[in-house]
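The sequence lines fix the lettering, A, B, ..., with proteins before strands; numbering per chain opens at 1.
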Amino acid sequence: MRLIRLLVLGLLVSVTTAHPAAATATSPEEAQRFIQKLGDEAVKTLSDKSIPLSQREEKIRELLRKNFDLETIGRFVLSRYWRTATADQKSEYMSLFSEYVLKTYARRLGAYSNEKFKVTSSKPLGSRDAIVLTQITQQAAGQPITAGWRVRDTDNIYKIIDVMVEGVSMAAAQRSEFDSIIQKQGLTGLIEILRAKVSAFSARSS
Amino acid sequence: MTMPKSVPMGVQASQRGLGGLLRSRGLTLLAAGVVCLGISATSARADFQAGWNAYETGDFLTAYNEWLPLAEKGDTRAQFNIGVMYDEGKGLTQDRSKAIEWWTMAAEAGDAQAQHNLGLAYLAGTGVSQDYGEAVTWLKRAATSGLVRSQYALGRMYDYGFGVAKDVKEAAKWILMAAEHGFDKAQYNMGKRYRDGVGVKKDPAAAAKWFKAAAEQGHARAQHHLGIRYLKGEGVKKDPVAALMWLTLSARAGDKSAARERDKLMEHLSSAQRQKAKSMADQWRPVPKKADG
């Protein structure tokens, strides 16, 4: 489902964006610590049933917001259309895209608990990034899932810029989906679709 | 093994975990029936509140079992919530066309949130074929019953001419309605409309007023625009310290271009001015969101 694409989203991103920051390589060891810490925090938040679901989702959303480089991912995903977009379109797209990613993942992740999350290895990826491989084991059933987190160190700030699930880059998947929407309905059409996706109501108490 | 009647296909998904989330793309969620939950259908003493309590703890199966009998009897709250569970894949295998079925039932019975979600589903083409005309129909019904998100979304349809003839005045009418009810995105949009004269007469003071209303709720772009208004003295009295405060807040909320404006402005201010703006920004707190946005 689309969701997934999203989640795993970011990796690809690196390729395109010209970050002005110094292009130093990301230490795989540091990236591994970063992902371990983030995973531990997410699992702890998700399994805390003492607070209502809506608050757990809000916490996860914050965690994702801080640790995903949504701007880099958003630009990558929009690919060539970024350059021709007007300033207003850029700002509207970026804010909707971020909201879309955060909301979708927070809502989906809110449904889960009881995962085991284990970092298995890390290595350099390209000239700037590191990829951290993790295994996620579910209690109920099924094979563990291997997810790869592409991490970039920009001035000592570590952020996730893509997620690879079973070898598929979520950012790449998202990019091709957006590309086909834009070809049919233009950037405006994509923006409206994102708006639709972020502004639905969730379950209610009365 | 037969699944209990009230356990839908795929209800085991709540046990599926993050792994399941990651996997769910394309891979059919473990054939639903395979995992037998061994949960017997609770007899139907359905209780909406009990369902909600279970939902909040993440016990989606219980929520579903409480709500299903109510939904089948026509309780639109229960229909709406079951639609959401299908849409978000909470406790159920994500199935957007099932979400549409439940929301349609509730929407036709007059449930405004269901009308809104249905309108958006038609707009995005999720779970149903994309149809701007249907999107407008449902958004208009929800907007008319007072949902600000729907008023705003409908206004944007008029702005772009999606499913209706393009009409920026009609757009401004609906978006103003949402802005007046406190919806920050609509307030921000009205700020831009008054600044540029889109569907309304240009009015710098009204632009600043609406940017301010959204900025005070923590809307980062509105904070940026408000900072610029104070910097240039457009629609407000020129005030470089207030400009720096709002640009600082916007930058803190993640607006990168506001951060650049802030840095440029700092070079022109005295250290006392910078200090004052910083302390104002530190003490600033958003007003609580006024609308359901």
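Comparing A:A203, A:A42, A:G189, A:S206 by how many heavy-atom pairs each has under 4.5 Å with chain B, the most go to A:A203. The candidate from A:I181, A:I51, A:L70, A:D88 with the greatest count of non-hydrogen atom pairs under 4.5 Å with chain B is A:D88. For the set B:E56, B:R77, B:M157, the entry with the most heavy-atom pairs within less than 4.5 Å of chain A is B:E56. Of the listed residues (A:E92, A:M94, A:R65), the one with the most heavy-atom contacts under 4.5 Å to chain B is A:E92.
The shortest heavy-atom contact between A:A200 and B:R149 is O-NH1, 3.0 Å. Nearest approach of A:F201 to B:L147, heavy atoms of both residues: CE1-CD1, 3.7 Å.
One finds the NE2 atom of B:H219 at 6.5 Å from the OG atom of A:S95 (value rounded to the nearest 0.5 Å).
Heavy atoms closer than 4.5 Å to chain B are found nowhere in A:L190, neither backbone nor side chain. Within the 4.5 angstrom heavy-atom criterion, no atom of B:Y122 approaches chain A. Using a 4.5 Å cut-off between heavy atoms, B:R221 touches chain A through its side chain atoms alone. Heavy-atom distances place both the backbone and the side chain of B:Y55 under 4.5 Å from chain A.
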Before giving the answer on side-chain contact (heavy atoms from CB on, under 4.5 Å), spell out for B:H224 and A:S91 the whole-Å C-alpha distance, their side-chain angles and the decisive distance to 0.1 Å.
CA-CA 12 Å; B:H224 180 173; A:S91 92; over 6 Å; no
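You'll find the side chain of B:Y132 stays beyond 4.5 Å of the side chain of A:E192, heavy atoms only. Contact annotation: the side chain of A:R204 never approaches that of B:V84 to less than 4.5 Å [non-hydrogen atoms, C-beta and beyond]. Side-chain atoms of A:I193 and B:Q130, non-hydrogen and from C-beta on, do get closer than 4.5 Å to each other.
Of the listed residues (B:L120, B:L123, B:T126), just one forms a side chain to side chain contact (heavy atoms under 4.5 Å, CB included) with A:K197, and that residue is B:T126.
Between A:E99 and B:K185 there is a salt bridge, with a side-chain nitrogen of the basic residue lying less than 4.0 Å from a carboxylate oxygen of the acidic one.
At most 12 heavy atoms of other shown residues, nucleotides or ligands fall within 6.0 angstrom of atom NZ in A:K59. The neighbour count for A:K159 NZ, taken as heavy atoms of other residues, nucleotides or ligands under 6.0 Å away, is above 12.
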